[in-house]
Amino acid sequence: MQYDPASFEQKWRDIWEEKHLHHAVKSDDRPKYYCLDMFPYPSGEGLHVGHWRGYVLSDVVSRYMTLNGYQVMHPMGWDAFGLPAENAAIKKGIHPVIQTEAATSNMRRQLKDMGSMYDWEREVNSSTPEYYKWTQWTFLKAYELGLAYKKDAPINWCPSCATGLADEEVKDGCCERCGTAVTKKGLAQWFLAITKYSQRLIDDIKDLDWPEKVKKMQVDWIGRSEGAEVLFQIDGFEDTVLIFTTRPDTLYGASYMVLAPEHELVSKITTPEQKEEVEAYIVRTSARSEVERQERKDKTGVFTGAYAINPVNGQKIPIWIADYVLMGYGTGAIMAVPAHDERDWEFAKAFNLPIHQVVMTADQAKSLKADGVDFSDSKAVDEAWQKKFAQELYEVPYCECGWMVNSEEFSGYKTEEGKKAIIAKLEAQSIGKSKVNYRLRDWLISRQRYWGAPIPIVYCDKCGIVPVPEDQLPVLLPHVEHYQPSGTGASPLASIEEFVHTTCPKCGGPAKRDTDTLSQWLCSSWYFLRYASYDCQDKPWRREDIDYWNPVDLYVGGIEHAVLHLLYSRFYTKMFYDLGLVGFKEPFKRLFNQGMITKVPSWGGRSIKMSKSKGNVVNPDSLVEKYGTDALRAYLLFIGPPELDAEWIDSGLEGVYRWIRRVWNLATEGKIVEGEEKDPEILRTSHKFIKKINDDLSRLHLNTVVSAMMEWSNFLITKNASTPIAKETLENYILLLAPIAPHVAEELWSIFGHEGGIFETRPTWPRHDEKYLHEDEFKLVVQINGKVRDNIMVSKSLSQEEIEAKAKESSKIASFLEGKTIRKVIYVPNKLMNFVVG
RNA sequence: GCGGGAGUGGCGGAACGGUAGACGCACGGGACUUAAAAUCCCGAGUCCGCAAGGGCGUGAGGGUUCAAAUCCCUCCUCCCGUACCA
């Protein structure tokens, strides 16, 4: 009987499907396990082996958990709305509905060929009205909670995709999707107030079982910083400027102020003499793209002619505008302390502005202390410092925290204390307070594109903004032939009269629909809830379903969603929690990011990420045909540690195929005896591997699981040349093989005479038994001064003295010990003995 | 700049401070074959040596330890993330 995967792989997939084995149902006697893959967007290119890596991993876990007594839900669906699908459709001239349909059926077929245990009854497609009805509903819920608001603001605009983008979708100043440089555009858009959740998004991430890297990326993205807001009076005006600083302790060192060019006060305070120059500068900066703004060039800026008053010492300081101060962060205005901030220092140097040191260097403090200066006497500190260091020049701003100086009554304070004391002083005068700022901005969700869920909002002349009532959902996306983006900022839907004109749900009068669509990130921010309650018609989910299945126990996907999808989903989950719609605060308990598959392109060079555009994709379809899906699955595990990138080598797959074939040959042609294993060596070795494989499976060290399976079969094959192997041993082997190579495992299981497949009957999972691991003898490694000199077999019953005596009997050891004095003997029981000689 | 990860044979990679290079690929030799492919067996870090054996070896250099790929310090290279966030 030759190993011919084509002859049975499909058979087993049919059997699993007929018996609905992969359909997850609630169970009273088995704990649940929710294993989720990030749902893919349907691409006309289909899946390549790089995509399969994560899917194989999650499938192995799902099957392993199933065979270990869990009720596993392992669903799959399609992130069908959004730019990738729409851009592909436009390029090919095929309507997105048609293109999505074709792509999903091809990809579904591929995923089935893989032998994955997806519960297809739970399949979701975010572009269907049954699904996006509820995506629209989530938006209305956000609106209800006051988290959705419309604002006319300059937003990130991708000229190529012709749509607004969220901050998270801008990478290095370019569109995350198409790579075009992002510009700014003023548009009235819908935002979700994710910033209201900044602190909770930081606090709750700590306890998640996620890669530290992803946690850090999110925390950095949210960007919490503690400091103070301080009010500065403008000389000759009633107006004040509010600034944010993380260094209130350096307030006495503020020697100028900078406003962002877009700051609302700029036009008001600019003096007539400076007007022309200031306006020219504003025009110049606003014309710069994000990419240009990010280039770290020399500091630029213009004096407004106005002065602010430093509230603590009454000093008049010039007010400048410069593009190194960003309107979007803090208050869009800063006090500049060039002595203690690198950027301010560069700016001061460039424009010859004064630099006042107000924090001593560590050396200065040390020197003054050595001179016996009393640091609790601020006057004495200032005088001593002036005398000794006022003439010192330094070439870099000094930022390290030390002792304050030249700060009136605060001189001599440690900066940490000074921060608090100065804030207290400002608070007493109502001109400042401590403040925590976050870098996170609110989430822009309006898209000027066709392929998305229409925003369920109506504008009525009488009633204003009116949300579409829940019973009128979904607001259907009209099926039209011309859906290309207009490029003007108007959505393609705006030109469809019968869509735009509607009646106001409140007053019944004429009204207009919002013509933008929701960002596809909203679709993916709640799909993990829908899987659990896929058949619920009147609501997005039944509470009892998600209480049972959610949160997700293991979430598998690429690192690229670290601050997009994963941040949005966490925010959405918290919003639902606040609305009492879910009982948990975090959607994904454990996250696993699989590494990329790379390959050397056909024209050579270095190995790079597999992608159609790079011309280095390997299509799984033909490989499945040639080697069977089990070999491909096993190779994708064996290729390397699952969290690291790995390079695809065709011959590597062949090696894994050969292994499966050898296992097949052993099981079908080897010398096998009925019943339990009697051979002590086979028992011992097998239980050693059972232990190792179980350990590595639970740790997700799947590459070493495969190599341990290989070692074990190599051992059995060699042994079988002389000794029959008990059926029990091979059955244990087959069961452990089942999560990795389910088809061949099922086939062998049935050849071994079992009624009902492994995944139907779920036989007892193999566990090692310590009693078989016991050996009477062990191999003692004998070292001299830490170098291995010999191995000897020693009985475990011997005492250390007896073992030492035996070790010295070895001729090799004896020759090394000759004429030397043994200074010390290190003995690691059952393992090693090291003679330290002099 | 900053933050994270990684540097181990010809290659992918193993190795809770305790025999470095498991497992696999590629390679060499042999068996089978008229021959080839497939399969099976054997070999293999490197240097010296016919061999037995020994020296050297986990990016570089130090250190801790009876013992270091593994822990500590300094440095180099590559990858990823991030970047005027006051």
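Annotation: ring-ring contact (aromatic ring centres under 6.0 Å, His included) contacts of H768(A) (sequence neighbours excluded): none. For the ring-ring contact (aromatic ring centres under 6.0 Å, His included) test, residues two or more places apart in sequence or in another chain that qualify with W443(A) are Y568(A). In this structure F191(A) satisfies the ring-ring contact (aromatic ring centres under 6.0 Å, His included) test together with Y149(A), sequence neighbours excluded. The side chain to side chain donor-acceptor pair (under 3.5 Å) test applied to Y657(A) returns no partner, not counting sequence neighbours. Judged as a side chain to side chain contact (heavy atoms under 4.5 Å, CB included), and not counting sequence neighbours, the contacts of F351(A) are W320(A), F347(A), L353(A). Under the ring-ring contact (aromatic ring centres under 6.0 Å, His included) criterion, W664(A) pairs with Y3(A), F8(A), not counting sequence neighbours.
Between E804(A) and K808(A) there is a salt bridge, since at least one side-chain N of the basic residue sits less than 4.0 Å from a carboxylate O of the acidic one.
Each of K216(A) and T245(A) was assigned the nucleotide of RNA chain B with the nearest heavy atom; the assignment lying further toward the 5' end belongs to K216(A). When each of T331(A) and M217(A) is assigned the nucleotide of RNA chain B bearing its nearest heavy atom, the one mapping closer to the 5' terminus is M217(A).
Remark: RNA chain B forms stems of 3 or more consecutive Watson-Crick or G-U wobble pairs, all pair distances under 3.5 Å, at B:1-7 with B:76-82, B:10-12 with B:23-25, B:27-31 with B:39-43, B:45-48 with B:53-56, B:59-63 with B:71-75.
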Do any side-chain atoms of residues 643-653 of chain A form donor-acceptor pairs under 3.5 angstrom with protein atoms, and if so which ones, sequence neighbours left out?
{"unit_1": "D645(A)", "atom_1": "OD1", "unit_2": "M596(A)", "atom_2": "N", "d": "2.8"}
{"unit_1": "W648(A)", "atom_1": "NE1", "unit_2": "D650(A)", "atom_2": "OD1", "d": "2.7"}

Under 3.5 Å donor-acceptor pairs involving side-chain atoms of residues 685-699 of chain A, not counting sequence neighbours:
{"unit_1": "T685(A)", "atom_1": "OG1", "unit_2": "E681(A)", "atom_2": "O", "d": "2.8"}
{"unit_1": "S686(A)", "atom_1": "OG", "unit_2": "I682(A)", "atom_2": "O", "d": "2.7"}
{"unit_1": "S686(A)", "atom_1": "OG", "unit_2": "W712(A)", "atom_2": "NE1", "d": "3.1"}
{"unit_1": "H687(A)", "atom_1": "ND1", "unit_2": "D769(A)", "atom_2": "N", "d": "2.9"}
{"unit_1": "K692(A)", "atom_1": "NZ", "unit_2": "D696(A)", "atom_2": "OD2", "d": "2.9"}
{"unit_1": "N694(A)", "atom_1": "OD1", "unit_2": "W765(A)", "atom_2": "NE1", "d": "2.7"}
{"unit_1": "N694(A)", "atom_1": "ND2", "unit_2": "I690(A)", "atom_2": "O", "d": "3.3"}
{"unit_1": "N694(A)", "atom_1": "ND2", "unit_2": "P766(A)", "atom_2": "O", "d": "3.0"}
{"unit_1": "D696(A)", "atom_1": "OD1", "unit_2": "R699(A)", "atom_2": "NH2", "d": "2.6"}
{"unit_1": "D696(A)", "atom_1": "OD2", "unit_2": "T704(A)", "atom_2": "OG1", "d": "2.7"}
{"unit_1": "S698(A)", "atom_1": "OG", "unit_2": "N694(A)", "atom_2": "O", "d": "3.2"}
{"unit_1": "S698(A)", "atom_1": "OG", "unit_2": "D695(A)", "atom_2": "O", "d": "2.9"}
{"unit_1": "R699(A)", "atom_1": "NH2", "unit_2": "H701(A)", "atom_2": "ND1", "d": "3.4"}

Nucleotides 5-21 of chain B: protein proximity per nucleotide (B base, S sugar-phosphate only, - neither; heavy atom, under 4.0 Å): -------BSS-B-BBS-

Under 4.0 Å protein heavy-atom contact, by nucleotide of nucleotides 38-55 of chain B - B base, S sugar-phosphate only: SSS------------SSS

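For residues 785-794 of chain A, every residue pair satisfying the side chain to side chain donor-acceptor pair (under 3.5 Å) rule, not counting sequence neighbours, is listed here: D790(A)-S810(A).
If you take CD of E176(A) and C1' of U82(B), they are 16 Å apart, rounded to a whole angstrom. Nucleotide A86(B) holds its C1' atom 11 Å from the CZ atom of R247(A), rounded to whole Å.
Considering only side-chain N and O atoms, Y324(A) lies nowhere under 4.0 angstrom from the phosphate OP1 or OP2 of A86(B).
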